[in-house]
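Reminder, nothing fancy here: chain letters follow the sequence lines and each chain counts from 1.
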Amino acid sequence: MAETESSEQPELSWLEGTVLPALEKSFPEEIVGCTTEVLDPWIEVRPESIASVCRFLRDDPEFHMDMLTNISAVDYFEPDPKKAKRFKYDPHLELVYHLWSTHSKRRLILKLMLPRWKNDQAGQLPEVPSVNSIWRTADWHEREIYDLMGIFFLGHPHLRRILCPEDWVGHPLRKDYEMPLEYHGIRNR
Amino acid sequence: MVESLIENWGFPEWMAYLIAATIPCVLLLHVVAVGALFFIWLERKVSGRIQDRLGPTRVGGKYGWLQSLADGVKLISKEDLVPAGADSWLFRLAPYISVSCCLAAYLTIPFAYGWVAQNLDVAVFFVLAILGLEVFGVILAGYASGSKWSLLGGMREAAQVVSYEVPLGLCVVLPVMLAGSMNLTTIAQVQSGWFTSWLIFYNPFLFVTFWIFFTCALASVNRAPFDLAEAESELVAGFHTEYSGLRWSLFFLAEYGSMFSVSALAVLLFLGGWNGPIPITSWIGWTFEYGWFWGTLGNFVGLANFIFKCSLGIVLMMWVRWTLPRLRIDQVMTICLKYCLPLVCLMLLGNLMWPWIAGPPSASFVQKRYEAYQHLHPEPTTETEADEETTAESNSVAISLPQQVNEKQKVVLTTSSTTDSSLPLQTN
Amino acid sequence: MTMQADDPRLIEFDVRTDEMLVNMGPQHPSTHGVLRLVLRTDGEIVSETTPHIGYLHRCAEKIGENLTARQFIPYTDRMDYLAGMNMNLGWSLAVEKLLQMEIPEKGRHLRVMIVELNRIASHLLGMGAYGLDLGTFSPFLYAFREREKILDLFEAVCGARLTYSYLTIGGATHDLPPGWLQQCEAFLDQFEPNIEEYHTLLTTNQIFVKRTAGIGLLPAEMAISYGCTGPVLRGSGVDCDLRRDGEPIYTRMYEGYDFEIICERDGHYPDDYDYPPVPKEAQLGDCWHRFYVRMLEVVQSVSLIRQAMDKYSQTAGDYGIPVRFNHKLPAGEAYLETESSRGWMGFHIVSDGTAVPLRARARSGCFSNLSVIGEIGHGCLIADIPAIVGSLDLLMGEIDR
């Protein structure tokens, strides 16, 4: 990386120069890669090892990522067959973890790719280890993602719906979600 | 009154009693009802002004003075709901208990000299006891509503009112001790003359006691910052969560009614009752000494005085309510048991020691005390050895004054429960 | 004679007191809308608080996936409807970040002015409603007296009093109307001395202190772990404010402004403000401190607005031109957090190259702030629950989205 560029983007040089080597050293198998040519550079992690990577990032005194500000789930899928031809992504789910350190005021983005359905069987929710034990923020964020996006978090103490009613069917933020026509006698259309 | 009805008008005895009972009752009902309407309107105006807004402005002309009547009509026309889970009978009964206790307290409150429905010798005791009974209505409402919030409200009310009875009762002891009587008319008459003769200015201890009394009274009538039983931000509406329409408004009637009665009690005990700050009526001769007409005129002035002072007390309560946040239940108890109670005990002690510090009560005070008693019990007392023996035997509490007092004015006061009016007060 | 546990006499005389489950909300006067708390109480003592949310869930994120970026602006208003300008700004900046768009300097000063005014309005309501939670009604109306004037100013700017949709992608929809700066100046001159009144009514009121000091203690580590942000985090003594620590596209707005983050450092607050002293009873991280931080932020915002007005009138040029409604977004993603009045408002926008985002994720400050209630809302009295909930300054529109 050029000298000028790194001084312009200290975040990026920190990510490439410090975080990535440290992570690759501790987790040689688990780190899939690092994408830097984007607005918010991210490190991709294998889904099954997200919890251990997160624990390392939180506890390591060099990083001290003590705050998880956001987890967002993105459904890359185009249900409309006409538009699907122009849709340039493979259908998959992404989980994006936005970490922040109150000490160094640095941010870090972790990403993991998931199949839309576990074993490609519709209705089987994909599974990810929960980071609830690392940051308590994850408790509600993971519940929300489970509720709206349908991702199952392994090891979450009480994974149940949070925004939708407990007996709601489906996960509204999935691209192929269809609003139920009726809910307890309330007509939706 | 009963005698005159029988003798002059020829009514049968039962009817005479009935009429004699009905007149004050109807009058008092109106005083309470109209008073409550007025004070609800006043509260809305005062709170409006405190909060930088106007309050009601439309109903009944410029100042919206008919607002509470309009609200009353609306409330009466509302559906009277009883929740399915409620104990229906008790639920319906509770507001009436509250409101009747509140009304009963008025029976012994004199509005001016001699203008009292029942001139009880234990009026102070009676008022306190009846006001304490009002809590049953609230507890019943809380229990019978079948709602958890109501239950919590009822329990809070029970805990709070029962605790505050103690300092409240002790506060009352001080004026009673000085006036030597539990009759409210006597206590008020003792304070006639200039405002300096009001008991609140009698000594520093009484001054402090008045404020303790005010605080405890605030707590016992459930006004902010002690309105825990109906704390709307915690318990939705507390004990009256489930009430609607008329029954709900009865609770309000009771609240405003008892606000007035504790105010009246404060005025009678500490603030000179119907005696104005300056004894104008006695200067211009509007007293009963110059005939009933002048006396009645003077009484009207006294009535105005009394109501004005009571209203001041109520406005003060409103002012407090719209300024302070609500206390928590443990803080309410702390204030009562850790501050009010020891403080009032100290005041009681101080008041007892006051003659020792500042000398005996002035001759004029003793004279007034004697006259006040004479006014109420005009039968001439005859001094006999036998009488004195009877007094001594009747377990009476005697407060003997220091020896320096003129022998003529040396008074032995008794607060015995006897109703025999010829005995209790003796002069040597 | 000994009694066995199954002795019928023992059972008969064994008076047990049961714990009671009380449902606080969603229709409760002090749960700020439709929050539902299930309290497990033993008499007056709360042993457990379980929040239930979702009563105002409109799935705004799904709506965002069906509208173009600029069409989504009015929906951000309806998230935190008391700080609509802050929400507009959050979304606009996130989209601008994705578009790699920079707005003119004058537009940035305008945004600071508007956003800080909105912060005052929001904190005022938070303060008034907190008084209401503690059983005093008057501060609420005192706060509304001033808030109305701010809403008047906003009405002059964009015609709306609550849901503004004023700040938008690329700047703002309009420039300020003529004479607006003078009105704003007049408001600030009138408002500043009145802050004293609020301190008298609440901050230094003995009953208020007794009700809030030491209640709902939220240690810094817990606040961070739960992702609490905004005044809740700063009330716990964490020196953290995105206006200083945020991403460049956001902090550039506040470049050249003189302000110090409101937070207790080494036992005292910044000295720039004339504020009542911290009472002895108050402990860092309690309800009182959270309230106090908000009150000081009001003063801070006043100073920021004054600076912004100066800079705005001295800067030549344009305030920015909003993008078209069907403006195409480049493929990619951007996440940006801004310091809204109730906490960090983060927007994560993912685009596949069309005008309509693939994902519009809203990270709400209140959502995380509320999640801590189960941790700090036990072992206290029922009356403390409104005090704690109120001190978090929750807004259900933002939590449920």
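Taking every heavy atom of both residues into account, B/Gln331 and C/Lys210 meet most closely at NE2-O, 3.0 Å.
Taking 4.5 Å as the limit, every side-chain heavy atom of B/Arg321 sits out of range of all side-chain heavy atoms of C/Phe137. Two residues are said to be in side-chain contact when any heavy atoms from C-beta on lie closer than 4.5 Å; B/Trp149 and C/His28 meet this criterion. Contact annotation: the side chain of C/Leu141 never approaches that of B/Asp52 to less than 4.5 Å [non-hydrogen atoms, C-beta and beyond]. Residues B/Asp330 and C/Leu381 meet the side-chain proximity criterion, which asks for heavy atoms closer than 4.5 Å. Proximity of C/Asn205 to B/Leu324: side-chain heavy atoms (C-beta onward) are separated by under 4.5 Å at one or more points.
Within a 6.0 Å sphere centred on CZ of B/Phe136, other residues, nucleotides and ligands contribute 12 heavy atoms or fewer. The neighbour count for B/Met317 CE, taken as heavy atoms of other residues, nucleotides or ligands under 6.0 Å away, is above 12. No more than 12 heavy atoms of other residues, nucleotides or ligands shown are found within 6.0 angstrom of OH on B/Tyr143. Within a 6.0 Å sphere centred on CZ of B/Arg53, other residues, nucleotides and ligands contribute more than 12 heavy atoms. By the neighbour-count criterion of 12 heavy atoms within 6.0 Å, atom OH of B/Tyr63 is sparsely surrounded, having that number or fewer from other residues, nucleotides or ligands.
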Could you go through the side-chain contact (heavy atoms from CB on, under 4.5 Å) check for C/Ile382 and B/Leu152 one step at a time? CA-CA 10 Å; C/Ile382 290 180; B/Leu152 279 168; 3.4 Å; yes

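When C/Asp384, C/Asp133, C/Ile385 are compared by the number of non-hydrogen pairs under 4.5 Å with chain B, C/Asp384 comes out ahead.
Using a 4.5 Å cut-off between heavy atoms, C/Tyr142 touches chain B through its side chain atoms alone. In this structure, chain B has a heavy atom under 4.5 Å from the backbone of C/Leu132, while its side chain stays farther away. Heavy atoms of C/Ile45 lying under 4.5 Å from chain B are absent altogether.
To the nearest 0.5 Å, atom CD1 of residue B/Ile335 and atom CD1 of residue C/Ile207 are 6.5 Å apart. Here the CH2 atom belonging to B/Trp322 is positioned 13.5 Å from the CG atom belonging to C/Leu201, to the nearest 0.5 angstrom. The line from CG of C/Leu39 to NZ of B/Lys148 is 10.0 Å long, rounded to the nearest 0.5 Å.
Residues B/Arg156 and C/Glu44 are paired through a salt bridge, judged by an N-O separation under 4.0 Å between the basic side chain and the carboxylate.
At distances below 3.5 Å, at least one donor-acceptor pair connects side-chain atoms of C/Arg211 with backbone N or O atoms of B/Arg326.
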